[in-house]
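Everything numeric in this text was worked out from a predicted model, so none of it was measured.
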Number of protein chains: 2
Amino acid sequence: MEPALPCAACPLRPLPDFKPVTPTELASIYDAKVGQRLCAAGATILAEGQVATRVYTLLKGWAFRFKTLEDGRRQILNFLLPGDLLGLQGELHAALPHGVEALTPVNLCAFGSDALPRFFSRHPSIALDITWLSAHEERLVDDVVLTVGRRTAMERVAALLVHLYKRAASAGLIETSGIQLPLTQMHIADALGLSVVHTNRVLQRLRKGGFIRLEDQRLSIGDLQAMRRVGRYWEEPAPRRPLL
Amino acid sequence: MEPALPCAACPLRPLPDFKPVTPTELASIYDAKVGQRLCAAGATILAEGQVATRVYTLLKGWAFRFKTLEDGRRQILNFLLPGDLLGLQGELHAALPHGVEALTPVNLCAFGSDALPRFFSRHPSIALDITWLSAHEERLVDDVVLTVGRRTAMERVAALLVHLYKRAASAGLIETSGIQLPLTQMHIADALGLSVVHTNRVLQRLRKGGFIRLEDQRLSIGDLQAMRRVGRYWEEPAPRRPLL
DNA sequence: GTGGATCATTATCCCAGGTTAATGACGCCG
DNA sequence: CGGCGTCATTAACCTGGGATAATGATCCAC
């Protein structure tokens, strides 16, 4: 594990979607960090069922949470982008009920094992932020349930692409006319409860309809509103989120 | 709203699945309660998109969280049983991203609007319990995503019935050879991303296979292990959960 | 006791999406 | 260079589960 990067120079924190912190809070957060963890693309960050986990903030890169059935069927629960907290479930429960895998090379800020109790006993505002992040992730998963349970394949794909586009933007990952989308079609399929083959069919239709450009892991969406309509997908405007 | 019932005489707390509390904690919890709210079966407890919500603990009865698409398709996110906390999402976000509806007559313990900040600043152990409950609910929803995304209709129904059976048991609702299951087949369908008709077909098969008895809203499961196998459903042993 | 809800049940029909398989395009390694 | 693994793409085929509709059974309210 690398030594911890100084939080004062955090590249994420200045982004407009993150909630400002007081200098005291920032110091406590930095204080609780024990280092950076680097993972290669495709690496397992946290194993399904793992017992002692640590809490991390994802600083750089993409990852995803997933669960599997014993016969190999896999379901992606949600994607993790810079600023997201991970490992909280393992810290609070006995074993981690899901796995976490890196999609790109990933840089994680690691917290010490005593960070959680310390925040809760000494820094109520940070404790509340942690709870907020937990509740926020649940909100995302709630959306996934609606998508997978009640949207058609076309709606699912459109909704997911809009969702990821907006989240990437919020994490400062917008580039000229598009984002880097480090997913294979299998990831999209596993996130939406579809087969790879059908995912491909739907993507073709979206491309031929002129809704998206997607090649070489670069996604651009010509008309976001049109895509929202296709996916029946409208999120509420997101408030600024805390960052640990 | 009725006056708050004394927490010292709470019928839930003595159950073996709840974590013990210190007298101090119990006093603080009781202190934060502002009363009981009663809702009829079928009533909306919290409306989708509602702005100012309150936090409640479900004391008695069954309810469910849900989201809808604008054309009416509905997805049930999870079921709420005695001991569950609800409304946290509304307290932490601007608007409640899902609705909550009562399945039976329901009795809720209501917390004051300042309860959350007060717990966090003065009672770290209770604050941590709240976070635990939030993370735990997310765990349940994660399971739902796996079920709806990757299980077959038969597996879904079996897994849901086992899940609800165990949760009802944990809330002290086991009666002679079975539980009261206050759901219509439409609720089951909406929870599993199925149509009502197909849900009925699957239930018939489970009945004819001798796996379940289900009539008149009473469910009994002859062989839990067999049902688990049908549903490919195995939960980890649940640790004792906190109760607010 | 009769018209109208709601809910369970079944049958008929049919399509959205799964399964299998074959083909290419790359990129990587020896 | 040639073999291999991963991905994307398409075609052919088929099935799990959706849609629609009809029939009862209760349980009201009037």
Side-chain angles (χ1 to χ4, degrees), chain A residues 40-43 69 71-76 101-104 147-161 180-208 212-219 230-232, chain B residues 40-43 69 71-76 101-104 147-161 180-208 212-219 230-232:
Chain A
L69 256 20
D71 64 3
R73 279 174 283 175
R74 178 177 74 168
Q75 177 66 40
I76 292 181
E101 190 177 312
L103 282 164
T104 65
T147 292
V148 172
R150 287 305 184 203
R151 276 187 246 250
T152 65
M154 175 60 83
E155 290 167 351
R156 291 183 211 190
V157 174
L160 177 66
L161 293 182
Q180 206 69 32
L181 192 78
L183 312 179
T184 67
Q185 296 186 356
M186 199 184 74
H187 291 121
I188 300 178
D190 282 350
L192 297 176
L194 297 172
S195 68
V196 192
V197 173
H198 197 62
T199 300
N200 183 284
R201 291 194 275 248
V202 173
L203 283 172
Q204 294 303 333
R205 276 201 277 158
L206 282 172
R207 280 197 262 245
K208 280 164 191 162
I212 58 169
R213 220 135 30 86
L214 176 57
E215 51 185 280
D216 223 17
Q217 310 228 313
R218 293 197 44 78
L219 165 71
V230 173
R232 276 120 225 271
Chain B
L69 255 20
D71 64 2
R73 279 173 283 175
R74 179 177 73 169
Q75 177 66 40
I76 292 181
E101 192 177 310
L103 283 164
T104 65
T147 292
V148 172
R150 288 303 182 203
R151 276 188 245 250
T152 66
M154 175 62 82
E155 290 167 350
R156 291 184 212 190
V157 174
L160 177 66
L161 293 182
Q180 206 70 32
L181 192 77
L183 311 179
T184 66
Q185 296 186 356
M186 198 182 75
H187 291 120
I188 300 178
D190 282 350
L192 297 176
L194 298 172
S195 68
V196 192
V197 174
H198 198 62
T199 300
N200 183 283
R201 291 195 273 247
V202 173
L203 284 173
Q204 294 303 333
R205 276 200 278 158
L206 282 173
R207 280 197 264 244
K208 281 165 191 160
I212 57 168
R213 220 136 30 85
L214 175 57
E215 50 184 279
D216 224 18
Q217 311 229 311
R218 292 197 48 78
L219 165 71
V230 173
R232 276 121 226 271

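In B:Arg207, the CZ atom is crowded: over 12 heavy atoms of neighbouring residues, nucleotides or ligands sit closer than 6.0 Å. Around atom CG of A:Asp216, no more than 12 heavy atoms belonging to other residues, nucleotides or ligands sit under 6.0 Å away. More than 12 heavy atoms of other residues, nucleotides or ligands lie within 6.0 Å of CZ in B:Arg218, so this atom counts as buried by the packing criterion.
In this structure, the CD atom of B:Gln217 is 15 Å from the P atom of D:dT26, given to the nearest Å. A straight line from CG of A:Leu103 to P of D:dC7 spans 11 Å, rounded to a whole angstrom. C:dA8 atom C1' lies 13 Å from atom CD of B:Glu215, rounded to whole Å. Remark: P of C:dA8 and NZ of B:Lys208 are 16 Å apart, rounded to the nearest angstrom. Between the P atom of D:dT9 and the CG atom of A:Asp216 lies a distance of 11 Å, rounded to the nearest Å. Between A:Leu181 atom CG and D:dC7 atom P the separation is 14 Å, expressed in whole Å. When rounded to the nearest whole Å, the span between CE of B:Met186 and C1' of C:dT6 equals 10 Å. B:Leu203 places its CG atom 11 Å from the C1' atom of C:dT9, with the value rounded to the nearest Å.
Looking at heavy atoms from C-beta onward, A:Thr199 lies out of side-chain contact with A:Leu192 at the 4.5 angstrom threshold. For the pair B:Glu155 and A:Arg73, the minimum side-chain heavy-atom distance is below 4.5 Å. Put simply, the side chain of A:Gln217 reaches to within 4.5 Å of the side chain of A:Gln180, judged on heavy atoms.
B:Asn200 has no side-chain polar atom (N or O) that falls below the 4.0 Å cut-off from OP1 or OP2 of C:dA8.
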Under the criterion side-chain contact (heavy atoms from CB on, under 4.5 Å), I'd like the reasoning laid out for B:Leu183 against B:Leu103: C-alpha separation, chi angles, the key distance, then a yes or no. CA-CA 7 Å; B:Leu183 311 179; B:Leu103 283 164; 3.3 Å; yes
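With no hydrogens or angles considered, a side-chain donor-acceptor pair links B:Thr184 and B:His187 at under 3.5 Å.
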At under 4.0 Å between heavy atoms, which parts of nucleotides 15-29 of chain C does protein reach? Answer with one letter per nucleotide, 5' to 3': B base, S sugar-phosphate only, - none. --BBBBB--------
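When every heavy atom of B:Leu194 is checked against every heavy atom of A:Arg150, the shortest pair comes out as O-NH2, 3.0 Å.
With the end axes of the helix from C:dG1-D:dC30 to C:dG30-D:dC1 each set by five pairs, the angle from one to the other reads 30° at 10° resolution.
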